[in-house]
Amino acid sequence: MARYAQVHGSVALITLTNPPVNALSAAVRHGITETVTRALRDPEVKSVVICGENGVFCGGADIREFAKPMGGPPLVPMIAAIEEGDKPVVAAIEGVALGGGLELALGCHYRIAHTKALVGLPEVTLGLLPAAGGTQRLPRLIGIAPALDLITTGRHVAAQQALKLGIVDQVTDQSTVDVAIQFAKQVVGQPLLPRKLSTQPTPCPPDVDILLEEAMTQVKRRARGAIAPVACVMAVRAAATLPYRAGMQKEQELMATLFRSSQAHALQYCFFAQRAVGRWKLSSGAHSGNSKPRPVSKAAVIGLGTMGRGITVALVKAGIAVVAVETSDKQLQMGKQIVSEMLKREAQKRNETPRLDLIRFTTSMLELKDSDLVIEAVFEDMPLKKQVFKELSSVCKADAFLCTNTSGLDVDELAAVTKTPELVVGMHFFAPAHVMKLLEVVCGSRSSPEAVATAMYLGKRLGKVSVAVGNCPGFVGNRMLRPYLEEANFLLEEGATPELVDGALEEFGFAMGVFRMSDLSGLDVGWRIRKESGLTGPDVDPSDPPRRRQGQRYSPLPDLVCEQGRLGQKNGRGWYLYDKPGGRVATPDPKIHQLLEEYRLKHGIRPRRVDRQEVVERCLFALINEGFRILDDGIAAGPEDIDMIYVFGYGWPRHRGGPMFYAGMVGLPKVLERLEHYWQAHPDVPHLEPSALLRRLVDSGSPPIDTWRDFLQRPHSQL
Ligand SMILES: CC/C=C\C=C\CC(=O)SCCNC(=O)CCNC(=O)[C@H](O)C(C)(C)COP(=O)(O)OP(=O)(O)OC[C@H]1O[C@@H](n2cnc3c(N)ncnc32)[C@H](O)[C@@H]1OP(=O)(O)O
């Protein structure tokens, strides 16, 4: 839909009306085509302004329409008709002009933006490229290098920077539409041809070939197997080397391939899943629509270890006052120094002043008495955490929310030691907590809707993707990680090397393979958890054979590595050798190879050739299988929740949509068949036994992922 009005006698004002973001649906495209034709034909109209309703110019093509057959006028001829017209057309950009929205504005002859507006071509983040002339017009307007940057990253650009780059002609903090109308009246009669971008040559530096090659190398390195950024570079190359019409043809060809790709489907699924996870629902019937968060103006963080420091920085960055508590002066001073440095670095990046004044460092729990919400981030040890919660319950005000950053301990057990179990909720951050986008909000059996709403909303304020999950060991993310890690260890026993396993997972698209990731986290972390659960150390049942624990296959390899003093990156030696303690350059270590050989010899294991396909199937299908169990147990509300946890917290490649989406793409019958195959080969590994939900889905003809919730035994029952 597009509204038409004639203003100031000679200016036609066309307003896009499709809330909330005026996406270019078929109806909007139809409205634009009709109103532009009317304006161009009306002899009284001398110029045109296009704007969007409710302070938003346009959020681009309607992504929901991508899954349906194309209807309504296509974007390319619609934009061409605006550009080719003989009356000046001015885009009045408020809010956002993104994707097709910016392409529409590029087809206009002038662009006026509000100071707070954002522009960008984010199609690459949806697995596409700007195929309504964006890859051909933008390089003509601003040059190859900046166009490559914007098109391959999809980043949004603020109005002032857009002005500097030459994307917009003027920025105003007044009413953008009024300014645009005045502007439209003034430019009547001025030559239009130089303003028609498709008629202009692309400004190319002499070293354009080198520039394009470098861009290609860079996107391939960054993309981790994503095809859209590569196609974006190819399209910009076409703008640099071909006439406009041929460039447009190239743009269309590349888009046709991308549009059909599984990566585009995965990325578009992620777009909607990221928004859907914010709409949580508890088994009590409470949900995001009927539960109000309470304001948090003063928070507290207990413990200034790695997690506590990151959480403190995240809170301060969001403008929230924090009381940061440590047990001793020495630890407090150390925490204070590191937090201050982190905040200074963060502020420097944004050209801001670090808000150190928002933090009060103390060793006294009594200073928590007026905190609205406390986040406990002490060592992962149940007795210690219980002691902290008891103390919190006595020193905090009666309605303070008491949150734990535990990565997998029982939230109900902690709640039980407080006077207000309904105010206890898990807030599981991921390291580094001021950077990682994921927050698991763990709903205990007694957590109130208000507590969940407050934790979810606080996560949003901190810029996180918050996902509500149920309370079970490891919650969602770490529970699924366990079979993944175990399979990786088993593969080492059977003949693989850390670099082979990591290579396969990184080729799949993970930012880091499993062993590199373990080295980064610190090998002592998992070792301590295994010791506490009796899997290694003095509590191991002496009657267990060396490679069995608690009735199941177990690999003591990670324990051996850790017990040799190899703690990972922090001391320069783990599954890999590092350039220095704390260094990041990993090289395969012959000592690890030797350790593996001796281990296999000692346990009578005949090494065999493990290929990359087996690595991917064993590690990922075991993880996915646990995901199905989690859904059936009611720990996660839907597959989107699991997928967003993996994309935002565990480095799962976004262009593969998350583990559950990936399972659907591979085909549930195939996942089931491979799990059955591996389970037959390893009957002492229970996590390889196909889950009941997976079997039910396959028996029901493998329905699409958006209907899986209908097949759950106990949907979101633990939430
Ligand atoms: C042949 C040509 C074929 C294809 C051409 C493609 C070119 C394109 O234009 S692709 C689309 C490019 N645009 C984008 O990627 C922008 C996507 N949107 C956003 O980034 C944000 O939504 C925002 C516009 C910056 C607004 O952010 P915010 O204010 O935080 O609101 P949200 O919660 O994100 O969105 C509100 C609501 O709107 C829905 N939505 C947003 N954009 C679109 C869209 N382009 N199409 C359809 N729907 C959109 C979003 O899903 C939300 O819906 P809910 O139901 O409320 O969750």
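In listed order, ligands and their atoms are each counted from 1. None of these values were measured; they are calculated from a predicted model.
Stacking of R709 on the aromatic ring of F711 is not recorded, the 6.0 Å distance cut-off and the 45° axial limit not both being met. Geometric assessment of R656 against the ring of F661 yields a negative cation-pi assignment under the 6.0 Å and 45° thresholds.
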Within the protein, flag every N or O under 3.5 Å from an N or O of ligand 1, and note the pair and distance.
| residue | atom | partner | partner atom | Å |
| --- | --- | --- | --- | --- |
| ligand 1 | 9 (O) | A61 | N | 2.7 |
| ligand 1 | 9 (O) | G100 | N | 2.7 |
| ligand 1 | 13 (N) | G59 | O | 2.9 |
| ligand 1 | 34 (O) | R275 | NE | 2.7 |
| ligand 1 | 34 (O) | R275 | NH2 | 3.1 |
| ligand 1 | 45 (N) | G59 | O | 3.2 |
| ligand 1 | 45 (N) | A61 | O | 2.8 |
| ligand 1 | 46 (N) | A61 | O | 3.4 |
| ligand 1 | 46 (N) | I63 | N | 2.9 |
| ligand 1 | 55 (O) | R64 | NH2 | 3.3 |
| ligand 1 | 57 (O) | R279 | NH1 | 3.1 |

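Counting non-hydrogen atoms of other residues, nucleotides and ligands closer than 6.0 Å to NE2 of H287 gives a total above 12.
By the 30° and 60° cut-offs, the orientation of the rings of Y646 relative to Y650 is parallel.
Ion pair K68/E65 not flagged as a salt bridge, since none of the NZ, NE, NH1 or NH2 atoms sits closer than 4.0 Å to an Asp/Glu carboxylate oxygen.
Remark: N18 CG to L24 CG distance equals 8.5 Å, nearest 0.5 Å.
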